[in-house]
Amino acid sequence: MIAGVNLWLATTTVVLLPLLVPRGPGQSAPVDAVAVAYIVVSLAGRLRSRQPLRLPAKGPLLLIVAGSLLATAVSLSPRDSLLSLLVEAYLLLLYACVASDLDGDPRGLRTVLVAWSAAGLLWAAVFVGLHFQLLPQLLQQLLVANSSDGGVRVAGAAGNPNLAAGYMMTSLFVLLASPWPRARPARLLAAGWLLFALFLTGSNGALLGLAVGLPVLAVAASLRASRSAGGRLAVVGAALLAGALLLGGGALLLGVPQVGVSDVQTLARRERGGVFGDSLGRLDRSVNGRLLIWSDAWKAAGSQVAVGVGPGASSEIRLAGNRLKRGLHNDYIAFLIERGLLGLLGLLAFVALLLRWSGRLLACRLPDGRGGWWSPAALGAAVVANLVLATNHESFHFRHLWILFGLVWAAGRLAGQAGPAGTQAREPDAPTPKELAHALS
């Protein structure tokens with residue numbers, strides 16, 4: 001259970017998630033001060049009450065840690081690898097505290113979801129204000145100066161437009177899962193506002209994640225409409241069959257698509273100067289750059305891929321007498337090259353568990369602690385969308401992603417305790433002004 005100062009620190013951490021500039025030592029940010037305070041208070045409370053700290057998916061995570069330690073021992077940059085391990089230990093603690101504190105606590109989970117939803121709308125306003133230059137001049141200059149691409153794409157206070165896009169994409173799904181706002185028109189307007197802010201980041205990876213995550217919600221709606229296990233199995237089968245028929249029919253009618261670099265370049269040229277100029281209009285540069293990075297890193301790492309070049313050390317890979325000097329922009333490739341086969345195996349096992357937890361949320365409804373019910377399906381869709389985003393960005397170091405994982409696990413545990421909501425369950429009430437003010441204070 002989470003309450004008092006602990007709840008205040010947890011919700012404040014969630015509200016401040018995109019506040020990542022200015023940067024401090026070791027890529028630390030203003031939000032980390034609150035997050036560390038939350039971790040300390042949470043651990044102290046557990047120590048006093050002798051309650052265990054849960055680490056969901058302990059096996060895969062320990063496998064990742066083992067691979068990371070082995071790779072660090074032979075790292076191309078021991079300093080960078082040790083710093084990466086320190087950051088990852090912090091993220092694992094944050095994840096474990098969120099999961100442990102919200103385990104079996106529907107009211108606490110509801111408060112965090114409401115806080116995240118409301119904060120997402122406020123940060124979206126910052127994105128829009130920055131894009132249209134509506135913010136105070138000093139703030140505008142500060143945010144642009146701290147952007148990794150010089151303010152060409154909107155990054156808000158995240159400093160990185162891809163990180164900002166991942167946060168906004170996740171916030172959209174959190175809003176769709178949250179019990180607030182209750183009224184459908186208000187939810188649609190809020191979702192549209194977040195979607196517009198996401199569009200302003202110009203992130204192709206986030207748009208791809210969104211395109212995969214939204215169909216998951218359609219499947220979830222069909223699953224909830226079915227009242228029997230057989231009916232739900234039929235829905236899953238129908239969804240898989242429809243996907244196979246769609247792909248097969250398209251291949252028969254149009255032929256197997258042969259998408260090459262030239263096709264990507266043609267699409268990018270066509271979109272430049274249009275509505276999607278900041279996203280699809282630069283797709284050729286993004287795709288070409290990533291293909292080159294992946295190819296160079298794979299060739300240069302050579303046999304050291306078996307154990308890894310070291311967490312966070314891929315930029316030190318030697319290539320034709322020079323260093324790679326950049327990240328790998330793909331978590332799955334990065335885990336293999338930086339942490340070796342052991343690290344990749346741990347990541348894939350962790351992904352499998354995340355998908356299992358997410359699948360449990362698609363058909364259920366959960367109590368909100370106030371006599372109402374809400375659907376957590378969009379949290380599962382958020383996990384799927386972020387796993388897709390990880391194919392073209394290194395997103396597993398995003399703070400909001402580990403909080404999402406903790407929420408998904410806690411929601412899954414609550415689903416196992418609550419059972420089916422039943423036909424008599426009423427829709428969740430909107431939060432009172434006092435509750436909303438408490439969540440955002």
Side-chain angles (χ1 to χ4, degrees), residues 11 13-20 31 110-132 134-135 143 153-218 220-221 275-276 278-279 374-389 393 395 398-401 403-404 407-408 428 430-431 436 439-440:
T11 53
T13 299
V14 166
V15 169
L16 298 180
L17 278 172
L19 185 56
L20 304 180
V31 63
R110 181 184 190 277
T111 299
V112 171
L113 290 174
V114 170
W116 192 330
S117 301
L121 296 175
L122 294 176
W123 284 112
V126 174
F127 285 26
V128 174
L130 184 61
H131 177 76
F132 292 105
L134 302 175
L135 301 179
L143 295 180
R153 294 160 55 201
V154 170
N160 183 327
N162 294 319
L163 195 161
Y167 166 80
M168 201 54 64
M169 178 190 73
T170 305
S171 297
L172 175 62
F173 286 108
V174 168
L175 174 82
L176 295 177
S178 172
W180 177 87
R182 177 185 178 186
R184 180 167 295 182
R187 293 175 74 86
L188 291 176
L189 285 174
W193 181 244
L194 295 179
L195 189 60
F196 182 53
L198 171 60
F199 168 76
L200 294 179
T201 66
S203 173
N204 290 306
L207 292 177
L208 178 62
L210 189 67
V212 176
L214 289 178
V216 174
L217 290 180
V275 175
F276 293 96
D278 289 336
S279 52
W374 61 282
S375 170
L379 293 180
V383 169
V384 174
N386 275 286
L387 293 179
V388 171
L389 177 63
H393 295 298
S395 57
F398 293 171
R399 296 159 182 81
H400 66 261
L401 191 57
I403 291 182
L404 172 68
L407 294 177
V408 167
L436 186 57
L440 296 178

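Remember, it's a predicted structure, so these values are computed and weren't measured experimentally. Values reported hereafter were calculated over all heavy atoms of this structure, with side chains retained and with hydrogens, waters and symmetry mates removed.
The heavy-atom pair separating Leu379 from Leu113 by the smallest distance is CD2-CD2, 4.1 Å. Residue Leu143 comes nearest to Ala157 through the heavy atom pair CD2-CA, 3.7 Å, listed as atom of the first residue, atom of the second, then distance. Considering all non-hydrogen atoms of both residues, Arg182 and Arg187 come closest at O-CD, 3.8 Å. Summarising the geometry of Ala378 relative to Leu217, their closest heavy-atom pair is CA-CD2, 3.4 Å, with the distance given to 0.1 Å. The nearest pair of heavy atoms linking Ala385 to Gly213 is CB-CA, 4.3 Å.
Ala158 pairs by the side chain to side chain contact (heavy atoms under 4.5 Å, CB included) definition with Leu20, Leu163, Ala164, not counting sequence neighbours. Residues forming a side chain to side chain contact (heavy atoms under 4.5 Å, CB included) with Leu188 (at least two apart in sequence, or on another chain): Arg184. Residues satisfying the side chain to side chain donor-acceptor pair (under 3.5 Å) criterion with Ser117, sequence neighbours excluded, are Ser178. A search for side chain to side chain donor-acceptor pair (under 3.5 Å) contacts involving His393 returns Asn162, Arg290, not counting sequence neighbours.
Between Val126 and Leu122 the shortest side-chain heavy-atom distance does not fall below 4.5 Å.
Distance alone, capped at 3.5 Å, places no donor-acceptor pair between the Trp123 side chain and the Leu16 backbone.
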Which atom pairs, donor and acceptor, lie under 3.5 Å between side-chain atoms of residues 190-197 and protein residues at least two apart or in another chain?
unit_1	atom_1	unit_2	atom_2	d
Trp193	NE1	Leu121	O	3.1

Show the atom names and distances, to 0.1 Å, of all donor-acceptor pairs under 3.5 Å that link a side chain in residues 168-175 to residues at least two apart or in another chain.
unit_1	atom_1	unit_2	atom_2	d
Thr170	OG1	Gly166	O	2.8
Thr170	OG1	Asn386	ND2	3.1
Ser171	OG	Trp116	NE1	2.9
Ser171	OG	Tyr167	O	2.8

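Distance check, rounded to the nearest 0.5 Å: CG of Leu389 to CG of Asn204 gives 11.0 Å. In this structure, the separation between NE2 on His131 and OG1 on Thr201 is 11.0 Å, given to the nearest 0.5 Å. Put simply, CG on Leu404 and CZ on Phe398 are 13.0 Å apart, with the number rounded to the nearest 0.5 Å.
Between Val14 and the choices Ile403, Val114, Val31, Thr111, the side chain to side chain contact (heavy atoms under 4.5 Å, CB included) rule is met once, by Ile403.
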